[in-house]
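Taking it in order: structure first as structure tokens, then the write-up.
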2 protein chains.
Amino acid sequence: MNDLLLPENLTTKRLDINEKSCQEQNRKILAARDVMEILSGKWKIQILAVLMYKGNMRFMDLLRNVHGIGAKMLSKELHDLEINQLLTRTVLPTKPITVDYAITPYGKTLRPVINTLVSWGLTHRKTIMQQD
Amino acid sequence: MNDLLLPENLTTKRLDINEKSCQEQNRKILAARDVMEILSGKWKIQILAVLMYKGNMRFMDLLRNVHGIGAKMLSKELHDLEINQLLTRTVLPTKPITVDYAITPYGKTLRPVINTLVSWGLTHRKTIMQQD
DNA sequence: GCTATTAGTTTCCTCAAGGAAACTGGTTTC
DNA sequence: GAAACCAGTTTCCTTGAGGAAACTAATAGC
């Protein structure tokens with residue numbers, strides 16, 4: 001019938017020789033996007049780092065320890081992190097009510113991530129300082 | 001003269017017993033902030049991951065490989081990354097001009113950071129999928 | 001001369017991030 | 001009953017992140 005069909009189909013597109021490894025790369029790139037969706041922004045990593053390095057804290061403690069953050073932002077970010085099951089919010093029956101924020105076991109799996117981030121950051125500071 | 005001055009000064013503030021470790025914690029928290037300033041946002045990590053996992057690329061290649069990004073954003077993000085010395089921009093004297101983007105040796109020190117991020121992201125996907 | 005490709009830039013737009021300050025509501029202390 | 005502390009919420013505002021589409025400029029092939 002139509003013998004022109006075949007050659008044209010074969011020449012238009014170059015086949016991906018290494019499709020399997022390409023899929024794996026794409027999965028990694030997607031994973032990178034996922035993490036940044038959860039951790040991106042000015043405050044989340046800082047809040048996690050404070051809780052991770054200084055231990056559980058109440059709302060007012062966090063407000064004082066996460067330098068520069070305001071009550072509204074803190075409230076919102078804590079909520080986000082709670083939804084992503086990275087920390088828990090526990091209301092304590094104290095005289096003036098207090099709320100304890102703590103990193104969950106799942107949140108603690110972020111420790112290596114934060115640590116790698118932090119150690120790169122510490123080196124980066126030095127690198128930049130030396131140049132200027 | 002005024003013997004009321006001393007007692008009041010001594011009782012107002014509690015001293016920080018462990019000031020040295022506290023300073024170190026604060027340095028870490030600052031470092032975390034630094035890194036996020038450089039890598040935060042929707043695209044930077046994705047661009048770095050693409051270049052890291054797929055190798056050098058030209059502008060148009062990146063436009064096709066970083067899914068969803070537009071020319072303006074790509075241009076701006078590449079510029080930012082170049083300023084932070086994480087990648088280089090090389091104009092090649094080809095017929096229609098091409099520009100090669102490559103991760104610098106310094107940018108390559110981000111590899112462990114990206115890898116940790118990615119491996120947490122991959123696990124996170126599984127964790128979330130299982131629940132819903 | 002028309003179209004295509006590369007590497008952007010420019011313009012105009014929207015929506016979300018983030019911030020300051022005032023306010024709520026309950027409790028304790030003086 | 002006034003002041004203070006905790007844990008927020010609400011309101012109003014500004015800035016910046018990000019996006020779509022059109023445009024520039026150079027070159028090559030048809």
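In what follows, every chain begins at residue 1, and chains take the letters A, B, ... in the order their sequences are listed.
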- Task: List the steps and the verdict of side-chain contact (heavy atoms from CB on, under 4.5 Å) for B:Leu39 and B:Leu48.
- Result: CA-CA 10 Å; B:Leu39 299 182; B:Leu48 289 171; 3.9 Å; yes
- Just do the side-chain contact (heavy atoms from CB on, under 4.5 Å) check on B:Leu78 and B:Leu62 with the steps written out, would you? CA-CA 10 Å; B:Leu78 288 172; B:Leu62 281 166; 4.0 Å; yes
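Side chains of B:Leu110 and B:Ile103 form no contact here, defined as non-hydrogen atoms less than 4.5 Å apart. B:Ile38 places none of its side-chain heavy atoms less than 4.5 Å from the side chain of B:Asp34.
As a whole-Å value, the separation of A:Glu77 CD from C:dG18 C1' is 9 Å. Across the protein-nucleic acid pair, A:Leu74 atom CG and C:dG19 atom P stand 12 Å apart, rounded to whole Å. Going from atom CE of B:Met36 over to atom P of C:dG18 covers 11 Å, rounded to whole Å. The distance between atom NZ of A:Lys72 and atom P of C:dT24, rounded to the nearest whole Å, is 18 Å.
Under the ring-ring contact (aromatic ring centres under 6.0 Å, His included) criterion, A:Trp120 pairs with A:His124, B:Tyr106, not counting sequence neighbours. Annotation: side-chain contact (heavy atoms from CB on, under 4.5 Å) contacts of B:Ile83 (sequence neighbours excluded): B:His79.
Within residues 37-61 of chain A, the residues that have a heavy atom under 4.0 Å from DNA chain C are, in order of number, A:Gly41, A:Lys42, A:Trp43.
The shortest non-hydrogen separation linking A:Ala49 to A:Ile114 is CB-CG2, 4.5 Å. Listed here is the closest heavy atom pair of A:Ala32 and B:Val118: CB-CG2, 4.0 Å. When all heavy atoms of B:Trp43 and B:Ile69 are compared, the pair lying nearest together is CH2-N, 3.5 Å.
Looking only at distances, a side-chain donor or acceptor of A:Ser40 sits under 3.5 Å from a matching main-chain atom of B:Gly41.
Sequence neighbours left out, the pairs with a member in residues 52-74 of chain B that pass salt bridge (charged side-chain N to carboxylate O under 4.0 Å, His left out) are B:Arg58-B:Asp61, B:Asp61-B:Arg64.
OP1 and OP2 of C:dA7 both lie 4.0 Å or more from every side-chain N or O belonging to B:Arg89.
Protein chain A contacts DNA chain D from D:dC6 to D:dT11, reading 5' to 3' and using non-hydrogen atoms of the protein with a distance under 4.0 Å.
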Which pairs, protein N/O on one side and nucleotides 25-30 of chain C N/O on the other, fall under 3.5 Å?
| unit_1 | atom_1 | unit_2 | atom_2 | d |
| --- | --- | --- | --- | --- |
| C:dT27 | O3' | A:Lys95 | O | 3.2 |

